[in-house]
Amino acid sequence: MIKLKNIRVSYDKEVGESEALCGVNLEIDKGEFLTITGKSGCGKTTLLKVLCAIKKPDSGEYFYNGTNILSLKEKELCRFRNKSIGFIAQHFALIDKMTVYDNVELPLKYRRIRHAERRERVFDALKVIGIEQAVNKFPHQLSGGEKQRCAIARVLAQDADVILADEPTGSLDEKNTRNIVTVMKRLNSSGRTIVLVTHDKDVAMAGTRNINMRDGRIMI
Ligand SMILES: Nc1ncnc2c1ncn2[C@@H]1O[C@H](COP(=O)(O)OP(=O)(O)O)[C@@H](O)[C@H]1O
Ligand SMILES: [Mg+2]
């Protein structure tokens, strides 16, 4: 489903900085629940950004269901990001001025989905994740666990085939961590491909495959 070939990324070539990704090869099959571990700074977030096409690599190839992603035009890329891949960013990336409802609905508005269907999808996602009681709250009124669940509900409503999650349990207590793991497993059982970055060994064990990164490389 996903194929990365010899992906290289460096952020600041002029200062002679070392590469964030130095020749990453990775294949991910449909239905996998891949966990990625590795020390801070080893390139995990950069790899997720390449996968959801926010970050264009300096070189390498990226195929998604046979489509050459790095050759797509901006308009097609937007569609790809919105429809095929859902990204749960490390710090949630919720919009402060919007309620939980509006945050979850936003990607669907970009897709010009009709109002009634948007409403249905938003409430379905909030129910699955168990935060429908917070639907009219603003992010600053939510606990860390609720913010995280809101971010997960947003990708769920998108109904993307692949969900990327960057340390989704990083700021959560044990109970909320278990809840998120349960939700991720459930999404995986319902056919979604999951790629999850984590520091937590127990969370890493929840997947169907784990890879370890070091200094911009996959060590396995
Ligand atoms: N926006 C950026 N500008 C410059 N350097 C960056 C940027 N983002 C990440 N880096 C550098 O790239 C390397 C990998 O970072 P990152 O992918 O965030 O690692 P991880 O998520 O594993 O902690 C680090 O050395 C980091 O300092
Ligand atoms: Mg990171």
Side-chain angles (χ1 to χ4, degrees), residues 2-28 32-64 69-70 74 77-78 80-81 84-95 139 144-145 147-152 154-155 160 162-174 176-177 180-181 183-184 187-188 193-220:
I2 286 176
K3 197 172 202 171
L4 294 179
K5 275 193 198 169
N6 205 15
I7 295 286
R8 292 182 174 271
V9 172
S10 52
Y11 284 99
D12 209 344
K13 276 168 259 167
E14 314 228 327
V15 216
E17 201 143 340
S18 62
E19 288 176 311
L21 295 179
C22 21
V24 165
N25 295 295
L26 178 63
E27 288 190 27
I28 306 172
E32 271 200 272
F33 183 165
L34 178 71
T35 60
I36 304 178
T37 46
K39 285 196 185 126
S40 179
C42 70
K44 305 181 296 296
T45 297
T46 304
L47 178 57
L48 291 188
K49 284 181 178 170
V50 169
L51 285 172
C52 68
I54 302 175
K55 181 81 195 161
K56 206 176 167 90
D58 301 322
S59 64
E61 290 179 284
Y62 175 10
F63 293 95
Y64 181 95
I69 296 300
L70 301 178
E74 191 52 39
L77 271 180
C78 284
F80 170 72
R81 288 185 201 114
S84 303
I85 293 226
F87 183 44
I88 305 167
Q90 195 159 0
H91 300 291
F92 321 129
L94 299 176
I95 297 167
K147 278 187 203 164
Q148 195 51 278
R149 272 180 277 161
C150 179
I152 295 175
R154 187 170 52 186
V155 291
V162 179
I163 294 177
L164 310 176
D166 199 354
E167 308 208 22
T169 62
S171 57
L172 301 182
D173 58 27
E174 230 174 276
N176 278 309
T177 295
I180 298 293
V181 170
V183 167
M184 287 297 176
L187 295 180
N188 182 236
T193 305
I194 313 269
V195 182
L196 184 150
V197 165
T198 184
H199 267 110
D200 186 322
K201 286 218 169 65
D202 292 336
V203 175
M205 297 279 285
T208 55
R209 174 162 70 117
N210 171 252
I211 59 173
N212 191 252
M213 289 183 70
R214 194 193 298 165
D215 299 336
R217 290 190 174 82
I218 293 173
M219 311 304 287
I220 301 174

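Just so you know, ligand 1 is whichever comes first in the structure, and atom 1 is the first atom listed for that ligand.
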request  = Confirm or rule out an N/O/S atom of Thr45, from backbone or side chain, lying less than 2.8 Å from the Mg ion (ligand 2).
outcome  = yes
query = Do any heavy atoms of Ser40 fall under 4.0 Å from ligand 1?
reply = yes
ask   = Any idea which atoms of ligand 1 are less than 4.0 Å away from a heavy-atom of Ala20?
value = 12 (O), 13 (C), 14 (C)
ask   = What are the two closest non-hydrogen atoms of Val181 and Ala206, and how far apart are they?
value = CG1-CB, 3.6 Å
task = Check each of Thr45, Leu47, Asp166, Ile36 against atom 21 (O) of ligand 1 and report the one with the nearest heavy atom.
result =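 The nearest heavy atom belongs to Thr45.
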key: Side chains of Asp58 and Ser10, donor plus acceptor under 3.5 Å   =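 Ser10 and Asp58 do have a side-chain donor-acceptor pair below 3.5 Å.
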query = With no hydrogens and no angle check, is any side-chain donor or acceptor of Lys44 less than 3.5 Å from a backbone partner on Gly38?
reply =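 Between the backbone of Gly38 and the side chain of Lys44 there is a qualifying donor-acceptor contact (under 3.5 Å).
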ask   = Are Lys5 and Glu27 ion-paired here, with the side-chain N under 4.0 Å from a carboxylate O?
value = no
